[in-house]
Participant: 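Before we start, here is the structure in question, set down as structure tokens.
Only this structure's heavy atoms are used, side chains among them; waters, hydrogens and symmetry mates stay out. Proteins get letters first, then strands, A, B, ... in listed order; numbering begins at 1 in each. Bear in mind the structure is a predicted one, so any value in this text is a computation, not a measurement.
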Protein chains: 2
Amino acid sequence: MRIGEIARRAGVSTRALRYYEEQGLLASERTPSGQRSYPASAVERVRLIQQFFTAGLPSRTILQVLPCVDSGQASPEVFELLAAERDRITATMSDLAAARDALDHLIAIANDPTPEHCPALREPPWAPYDAVLDSR
Amino acid sequence: MRIGEIARRAGVSTRALRYYEEQGLLASERTPSGQRSYPASAVERVRLIQQFFTAGLPSRTILQVLPCVDSGQASPEVFELLAAERDRITATMSDLAAARDALDHLIAIANDPTPEHCPALREPPWAPYDAVLDSR
DNA sequence: CTAAAACCTCACGTTGACGTCAAGGTCAAG
DNA sequence: CTTGACCTTGACGTCAACGTGAGGTTTTAG
């Protein structure tokens with residue numbers, strides 16, 4: 001398969017696939033004329049890479065993790081890396097949960113205008129929002 | 001309190017605080033000589049802003065959300081915004097959970113080298129990782 | 001055989017939340 | 001009254017994962 005079809009099936013741009021190759025994340029063979037050629041399994045490969053990117057792993061880290069996916073073995077350093085990233089993801093998830101709770105709280109008090117929510121937050125002079133709002 | 005102490009107490013840089021002010025997120029008064037002066041409550045304010053940034057809200061969105069925090073009221077548009085961001089955060093959390101599970105799976109198979117894990121991922125010629133590894 | 005679609009390699013542009021100098025004013029201590 | 005810690009504005013630098021042409025070659029459809 002050529003690059004365009006892989007891109008469509010994996011839901012990314014061809015530019016992204018070339019970038020992955022540049023970063024050493026995705027291999028490709030070449031036809032005699034120089035066009036990239038991929039096996040069908042590359043689609044799953046790209047989806048996995050995307051999953052790692054979505055999780056916030058930088059390409060350098062993914063580059064270290066992928067060989068471990070293939071070999072099923074991890075050196076001690078890579079093992080540390082995996083554990084550290086897992087912990088970082090867990091921490092990020094709890095940050096997100098906290099922020100979501102804050103938003104839910106806002107939604108709740110916006111829905112139901114009783115005047116006794118968080119009074120401490122509305123005393124000081126948080127002045128310039130009016131100005132900001134006026135300018136729009 | 002001056003900018004340095006707020007920064008220390010909130011755990012951010014002074015540059016970040018000036019950036020927040022530039023973006024309209026954080027107000028400050030000025031001493032006659034031009035130095036910024038904050039009430040003690042600014043520390044909590046900055047922590048809240050940081051929480052939103054950590055959750056992936058861009059500064060423009062935070063700028064719309066903060067007045068709602070202060071007033072306890074949300075216009076219909078802001079209400080939509082809050083709901084959309086909450087949903088986005090929830091989606092991100094499930095992406096993170098999936099990626100964490102993938103990492104946990106890697107950790108599991110790396111811990112216990114039995115040869116029957118995900119055989120489908122290791123058939124095709126994922127060639128150039130050796131080259132990549134050699135060059136390091 | 002031709003035209004469109006898809007591919008190639010540079011290589012510069014984008015975005016956001018700051019970092020990092022530069023070149024100075026300000027303020028409490030001794 | 002000077003030292004040194006702290007503050008000011010301004011403006012350019014950073015980093016990552018691509019986007020976006022430019023200018024040219026290859027493949028495919030009719």
Participant: To the side chain of A/Arg15, which of C/dC8, C/dC12, C/dA17 is closest?
Facilitator: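 When the side chain of A/Arg15 is considered, C/dC12 is the closest of C/dC8, C/dC12, C/dA17.
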Participant: Return the nearest nucleotide to the side chain of A/Arg30; candidates are C/dT26, C/dT9, C/dC7.
Facilitator: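 Ranking C/dT26, C/dT9, C/dC7 by closest atom to the A/Arg30 side chain puts C/dT9 first.
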Participant: Using atom CZ of B/Arg60 as one end and atom C1' of C/dG16 as the other, report the distance to the nearest whole Å.
Facilitator: 9 Å
Participant: Establish, from distance only, whether the side-chain atoms of A/Gln35 and A/Arg2 form a donor-acceptor pair under 3.5 Å.
Facilitator: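 Result is yes, a qualifying pair exists.
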Participant: Can you find an N or O donor on one side and an acceptor on the other, under 3.5 Å apart, linking the side chain of A/Arg18 with the base of C/dT9?
Facilitator: no
Participant: Can you tell me if A/Thr14 touches the phosphate of C/dC7, counting only side-chain N or O atoms and a distance under 4.0 Å to OP1 or OP2?
Facilitator: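 For C/dC7, OP1/OP2 do not have a side-chain N/O of A/Thr14 under 4.0 Å.
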Participant: Nearest 0.5 Å, what's the CG-CD distance between B/Leu57 and B/Glu85?
Facilitator: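 One gets 4.5 Å once the value is rounded to the nearest 0.5 Å.
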Participant: Pick the nucleotide of DNA chain D nearest each of A/Arg2 and A/Phe53; which residue has the one closer to the 5' end?
Facilitator: A/Phe53
Participant: Kindly compute the distance separating CD (A/Glu29) from OG (A/Ser37), expressed to the nearest 0.5 Å.
Facilitator: 6.0 Å
Participant: Do A/Glu5 and A/Arg9 meet the salt-bridge criterion of a basic N to acidic O distance under 4.0 Å?
Facilitator: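 Yes, charged N to carboxylate O under 4.0 Å.
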Participant: At less than 4.0 Å, is any side-chain N or O atom of A/Tyr20 found next to OP1 or OP2 of D/dA17? Yes or no.
Facilitator: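 Answer is no, no contact under 4.0 Å.
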Participant: Checking all strands, does B/Ser13 fall into the base, sugar-phosphate, or nothing category for heavy-atom contacts under 4.0 angstrom?
Facilitator: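 Result for B/Ser13 = sugar-phosphate.
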Participant: As a test of reading the structure: which of C/dC18, C/dG25, D/dT26 is closest to the side chain of A/Gln35, going by heavy atoms?
Facilitator: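 Shortest atom-to-atom distance from the side chain points to D/dT26.
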Participant: Select from B/Arg8 and B/Glu21 the residue whose nearest nucleotide in DNA chain D is closer to the 5' end of that strand.
Facilitator: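 In this pair, the answer is B/Arg8.
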Participant: Please tell me which of the listed nucleotides, D/dT27, D/dC7, C/dG16, lies nearest to the side chain of A/Ser33?
Facilitator: D/dT27
